Amino acid sequence: MGLKDFFKNRQLKKAAKLRNGTSTAGSVHELKTQPPVCDEVLCTLWAKCTGCNELLYTSELKKNLGLCKHCSYHHRVTANERIEQLTDFGNFIEINENIYPTDPLNFTDLKPYKDRLKEAEKSSGSKEAITTGIGTINNQGVALAVMEFQYIGGSMGSVVGEKITRLIEKAIEQRLPVIIVSSSGGARMHEGILSLMQMAKTSSALRKLHEEKLLYISLLTEPTFGGVTASFSMLGDIIISEPKARIGFAGRRVIEETIRQKLPKDFQTAEYLLENGQIDAIVSRSELKQYLSNQIKLHSQNKSKASEKNGTNKTTFEKLLAWV
Amino acid sequence: MGLKDFFKNRQLKKAAKLRNGTSTAGSVHELKTQPPVCDEVLCTLWAKCTGCNELLYTSELKKNLGLCKHCSYHHRVTANERIEQLTDFGNFIEINENIYPTDPLNFTDLKPYKDRLKEAEKSSGSKEAITTGIGTINNQGVALAVMEFQYIGGSMGSVVGEKITRLIEKAIEQRLPVIIVSSSGGARMHEGILSLMQMAKTSSALRKLHEEKLLYISLLTEPTFGGVTASFSMLGDIIISEPKARIGFAGRRVIEETIRQKLPKDFQTAEYLLENGQIDAIVSRSELKQYLSNQIKLHSQNKSKASEKNGTNKTTFEKLLAWV
Amino acid sequence: MKQNNIVPLDFEKPLFALSKQIIELESKTIHNGNKKTVENLKIQYENVKSEIYKNLSPIDKVKIARHPQRPYPLDYINLISPTWYELHGDRTGKDDYAIVGGLIEIDGQTIMAIGTQKGRNIKENQKRNFGMPSPEGYRKALRLFYHAEKFNFPVITFIDTPGAYPGLEAEAHNQSQAIAMNLRELAGLTVPVISVIIGEGGSGGALAVGVANRILMLENSVYSVISPEGCSAILWRTKDKAADAANALKITAQDLFELGIIDEIIPEVEGGAHYNPKETSQDLLISLKHHLQELSKLTPEEIKKDRQEKIRTIGKFLEV
Amino acid sequence: MKQNNIVPLDFEKPLFALSKQIIELESKTIHNGNKKTVENLKIQYENVKSEIYKNLSPIDKVKIARHPQRPYPLDYINLISPTWYELHGDRTGKDDYAIVGGLIEIDGQTIMAIGTQKGRNIKENQKRNFGMPSPEGYRKALRLFYHAEKFNFPVITFIDTPGAYPGLEAEAHNQSQAIAMNLRELAGLTVPVISVIIGEGGSGGALAVGVANRILMLENSVYSVISPEGCSAILWRTKDKAADAANALKITAQDLFELGIIDEIIPEVEGGAHYNPKETSQDLLISLKHHLQELSKLTPEEIKKDRQEKIRTIGKFLEV
Ligand SMILES: [Zn+2]
Ligand SMILES: [Zn+2]
């Protein structure tokens with residue numbers, strides 16, 4: 001059995017498993033019924049490492065979570081791959097998957113926004129720049145959002161804002177920790193002021209989450225910029241990043257033009273942010289699931305002590321499904 | 001009638017006025033029954049301005065609130081003078097005036113601490129490095145503390161900590177705004193760890209005041225350093241300073257020795273602090289009473305709107321006396 | 001007809017030329033009877049004027065919004081309040097002059113006023129960084145928001161900024177987090193917050209002091225996710241399509257009102273508020289009083305809920 | 001008797017000399033029967049040892065507290081917890097390595113651990129600034145205090161610092177305010193706070209992470225309003241009277257226990273914790289568990305009140 005078949009098989013199994021479990025509105029996540037979506041680099045037999053230029057088997061790269069075996073460079077992965085990497089096998093169910101972008105401003109630049117949306121869906125294999133859902137990480141329930149950079153640069157328009165907001169609301173309802181994996185160029189200009197206001201909307205939802213004292217872990221990945229960094233991404237109780245990811249508010253070029261000087265090479269890297277007190281830790285993708293799992297455990301065990309008598313603390317995926 | 005007689009007369013009048021008003025535990029503030037205490041500079045006929053070296057009539061200087069008429073340099077004034085400048089004529093009553101320092105560590109350096117205390121009382125005319133009490137500022141009640149730098153460099157030992165703490169507790173009890181006028185070299189070494197802990201004690205009291213949403217204005221005057229700056233002085237809702245006052249945590253010399261470089265001339269001045277975002281405003285002594293009065297009004301009028309029907313908002317000193 | 005030393009914008013130039021002609025002709029014709037020509041010119045002037053100002057394009061409004069003589073927050077504060085006690089600093093290392101904050105009074109009530117403040121000349125703009133705040137400015141604002149909540153002061157923010165400053169130190173000091181925290185904490189305030197876009201509402205840098213119960217816009221102000229120039233550069237791949245971008249982005253007060261983002265448009269005098277700051281400020285004051293009055297009927301929890309619900313509904317999408 | 005590569009302090013030198021003598025003699029006398037001399041020397045050694053360590057002066061304890069091999073916060077954290085997730089940064093521009101903070105576990109309970117951290121060598125000390133925190137370090141700690149309160153984590157602080165850093169940037173960034181805010185906010189926390197002075201408790205810089213429900217001190221640690229050297233320079237007007245100052249200031253664990261400032265003295269092995277960090281850490285852990293257990297019986301409000309009342313009573317004065 002080739003690797004591709006293996007993946008396909010595995011996904012079909014998951015899909016079956018999920019279908020049996022779900023009887024409510026939430027439908028099974030796209031990932032589970034379609035073959036993995038690859039960008040041009042990853043789908044050819046060989047890929048060149050962005051970090052060290054070495055040639056890598058794409059299949060091997062994929063198996064290795066997108067990490068280069070030579071230099072550990074963290075290549076971008078799709079939202080679906082990320083979800084697969086982080087959640088327990090088969091234990092993720094997408095919510096609010098039927099929210100689609102519109103063209104509220106009737107926006108046209110060199111090309112109509114409507115066309116861009118269609119192209120983005122086709123090239124990214126995703127319906128918008130984010131996937132949200134409920135799943136488990138080492139048997140602990142979690143509300144998870146993962147941004148899809150391939151979809152118009154992971155830009156935040158009304159759909160991204162709405163999906164994140166609903167995910168947070170769901171987390172509050174179900175007392176779940178929230179994890180958001182960011183990767184974005186910022187706000188989506190084509191939706192004008194409406195996209196700007198999604199910064200306020202998501203932050204306002206996080207204010208409620210904060211008051212509810214629920215954990216929010218923000219994971220920053222290559223690249224995270226603009227209105228996304230300047231709203232939900234920087235509001236984590238714990239903020240972590242993958243190594244070498246570029247993160248900032250303004251783009252490097254804009255800053256260089258403004259201040260008329262060259263910026264240091266490591267400027268706006270995860271390492272720079274750590275040095276400048278902006279993030280809690282840099283976590284390698286290979287340790288990410290364990291890290292998140294342990295943080296969730298550490299942040300829930302004191303509270304759960306009181307409710308110990310009520311039995312085990314573990315979240316079964318079946319319990320979660322009932323909530324969706 | 002000479003100026004000195006005028007002052008004396010005025011004080012006696014105040015004392016009489018106060019005595020008539022008070023029938024409770026609080027006793028009349030020292031200021032009202034003793035002649036004003038002058039340091040060497042102020043009590044001679046002429047004084048040399050610290051700011052511009054011009055010669056000034058000390059009597060005129062005093063009348064001018066300690067400000068040089070040539071360069072506006074703000075000369076240090078005693079706690080009693082400060083109280084007189086800020087509160088309404090005759091409307092200040094000292095509280096907790098019968099708390100005296102002891103020598104808990106039996107401390108002796110080149111001289112016993114006990115001797116230093118006696119000398120300090122003699123040279124400063126004050127019983128400790130602070131005077132606290134209740135008064136009115138333009139008919140608005142206020143809990144006021146004024147530090148006396150002449151008393152062992154305004155250092156904070158157990159008495160200063162206790163008096164400030166009690167004043168804050170009184171303010172909470174009587175729903176009064178708090179004003180603390182700082183002038184201090186820091187903690188009083190001769191009381192060792194006990195003096196250090198006064199930083200925690202006063203800050204803890206301010207935490208309660210904060211929760212009670214009562215206004216606290218901190219006025220920094222030449223000089224304010226060390227454990228005083230690093231506790232109650234920097235915790236004002238509003239923090240203001242007199243012009244050119246030197247304020248900081250570590251002393252200039254210590255820093256120069258540590259970093260082995262000369263410090264900028266304006267380092268640790270009020271102007272430097274304003275530039276560096278540490279204080280709200282620099283207020284000239286001649287405008288200080290009006291400034292404080294207006295801030296108190298601004299901070300009380302929204303709340304009092306609700307209680308408008310209950311009649312006037314003004315605090316009579318008689319009301320205050322009943323609380324002491 | 002006198003332009004009060006107002007610097008004309010490009011589209012106003014015909015008007016200024018006409019005005020000059022009339023004035024010249026008038027002084028010449030005092031003693032000969034050539035009144036008819038002047039009368040005609042005056043009629044022409046009025047026609048041109050109403051046509052120009054009736055048909056302002058979005059990019060024209062951008063120009064008015066950025067007019068160097070446009071009133072700034074401190075001008076409005078000065079015109080609407082008898083009191084102004086500025087409060088300075090973030091308490092941790094800097095006083096950012098691109099953001100001003102302090103106490104004002106409206107109807108005997110204390111208000112926390114915050115504004116993004118541009119400079120009037122080069123020197124002042126160096127100090128105020130052309131109205132582009134640093135993280136420390138946003139943190140100063142946050143401190144003052146908390147202060148306002150503690151003492152039950154409604155908050156009014158006056159917004160006129162090209163955006164948050166894109167600089168090295170700004171990034172090093174976490175501009176993103178400073179803005180994000182303001183968004184979150186503004187959403188949670190239990191005192192009324194009213195924001196007024198008085199000039200340029202520049203993206204996240206404006207929103208960071210603009211999460212409010214009521215958002216008002218002056219008639220000729222604009223509010224956008226990105227500057228027309230920036231949008232042009234990115235989407236049109238040229239800097240010359242700013243006018244097109246300004247159209248496409250829907251950034252005028254009228255657009256935002258129609259999109260349901262803002263609550264009220266404050267009228268300006270013909271040509272813009274800089275022709276008569278006093279009049280505009282009085283209209284603004286009336287509106288502020290009205291909204292303050294309305295919001296004063298709500299409990300603290302209701303005020304917070306009102307704001308959060310307002311924000312919650314923003315966004316257009318299709319749900320199937 | 002083996003000194004495990006411990007660097008001797010001046011007053012320990014006779015002991016180290018004896019030890020060396022014994023070891024040399026022992027190796028020589030294995031084959032001849034000169035056991036008696038060795039026995040005598042060993043008895044002498046024990047006598048000298050007990051005399052030295054029984055009569056440690058305050059300044060001797062200062063030396064032990066500053067011993068370059070003394071265990072630091074990260075050593076204790078490593079020895080008492082299976083878990084250590086360090087959390088970095090103040091979120092506004094700097095991660096101060098002179099203060100470390102993160103999550104540990106004790107008895108299956110999550111604890112927020114904060115420590116002032118010195119470096120072991122020159123390079124590490126450059127990074128950690130000899131354990132002297134900057135304002136950013138205190139603000140990182142404050143962020144973590146709030147984090148702890150939000151998630152119901154007790155806080156344990158490990159204190160070993162000469163004091164807050166007296167530097168230009170530290171003043172520019174408002175060292176005073178950073179310390180003061182920590183004092184105030186620590187006083188208000190509703191989760192248990194336990195502080196352990198494990199080495200030098202240096203003035204306000206130590207107190208800024210030391211306002212606690214329970215204050216523990218290791219036997220040879222010191223806690224003072226000013227360093228003995230600083231006190232000597234100011235009050236004796238010479239740097240040579242540090243020993244006298246150390247006496248006068250009452251800075252040892254025993255002194256502070258008698259003054260009612262601290263709640264418990266954790267014993268160290270003879271000579272100091274650096275002779276056996278493991279043993280000291282186990283004693284510390286037992287004590288921490290005990291106090292955590294006790295404090296867990298209180299409600300959040302009681303925890304806060306307990307701390308505030310403890311602080312409230314400190315101070316000696318005469319009231320007539
Ligand atoms: Zn590589
Ligand atoms: Zn002078």
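What you see below is based on every heavy atom in this structure, not just the backbone, and it leaves out hydrogens, waters and symmetry mates. What you see is a predicted model, and the numbers here were worked out from it, not measured in a lab. Protein chains get the first letters and strands the later ones, always in sequence-line order, with residue 1 at the start of each.
The backbone N or O of C:N152 lies less than 3.5 Å from a partner atom in the side chain of B:N302, making a donor-acceptor pair.
Residue contact with chain B, scored on non-hydrogen atoms closer than 4.5 Å, involves the backbone and the side chain of C:L87 alike. Contact annotation for B:I279: only backbone heavy atoms (N, CA, C, O) come within less than 4.5 Å of a heavy atom of chain C. Residue B:I239 touches chain C through both its backbone and its side chain, counting heavy-atom pairs closer than 4.5 Å. Looking at B:L215, both its backbone and its side chain come within 4.5 Å of chain C, counting heavy atoms on both sides.
A distance of 4.5 Å separates CG in B:L298 from OG1 in C:T110, rounded to the nearest 0.5 Å. Rounding to the nearest 0.5 angstrom, the gap separating the CZ atom in C:R91 from the CG atom in B:N276 is 13.0 Å. Of the inter-residue distances, the one linking B:Q295 atom CD with C:L103 atom CG reads 5.5 Å to the nearest 0.5 angstrom. The structure places NE2 of C:H88 at 13.0 Å from CG of B:L273, a figure rounded to the nearest 0.5 Å.
Ranked by heavy-atom pairs shorter than 4.5 Å toward chain B, the options C:Y146, C:F151, C:Y97 are led by C:F151.
Heavy-atom contacts from other residues, nucleotides or ligands closer than 6.0 Å to CZ of C:R120 number more than 12.
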Just do the side-chain contact (heavy atoms from CB on, under 4.5 Å) check on B:H210 and C:K150 with the steps written out, would you? CA-CA 9 Å; B:H210 179 64; C:K150 179 172 178 181; 2.7 Å; yes

Walk me through whether C:E105 and B:K297 qualify under salt bridge (Lys or Arg N to Asp or Glu O under 4.0 Å). CA-CA 11 Å; C:E105 279 180 292; B:K297 174 174 163 274; 3.1 Å; yes

Worked check of salt bridge (Lys or Arg N to Asp or Glu O under 4.0 Å) between B:D280 and C:R143: CA-CA 11 Å; B:D280 286 294; C:R143 173 171 85 82; 2.6 Å; yes

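At least one side-chain heavy atom of B:I238 sits less than 4.5 Å from a side-chain heavy atom of C:H147.
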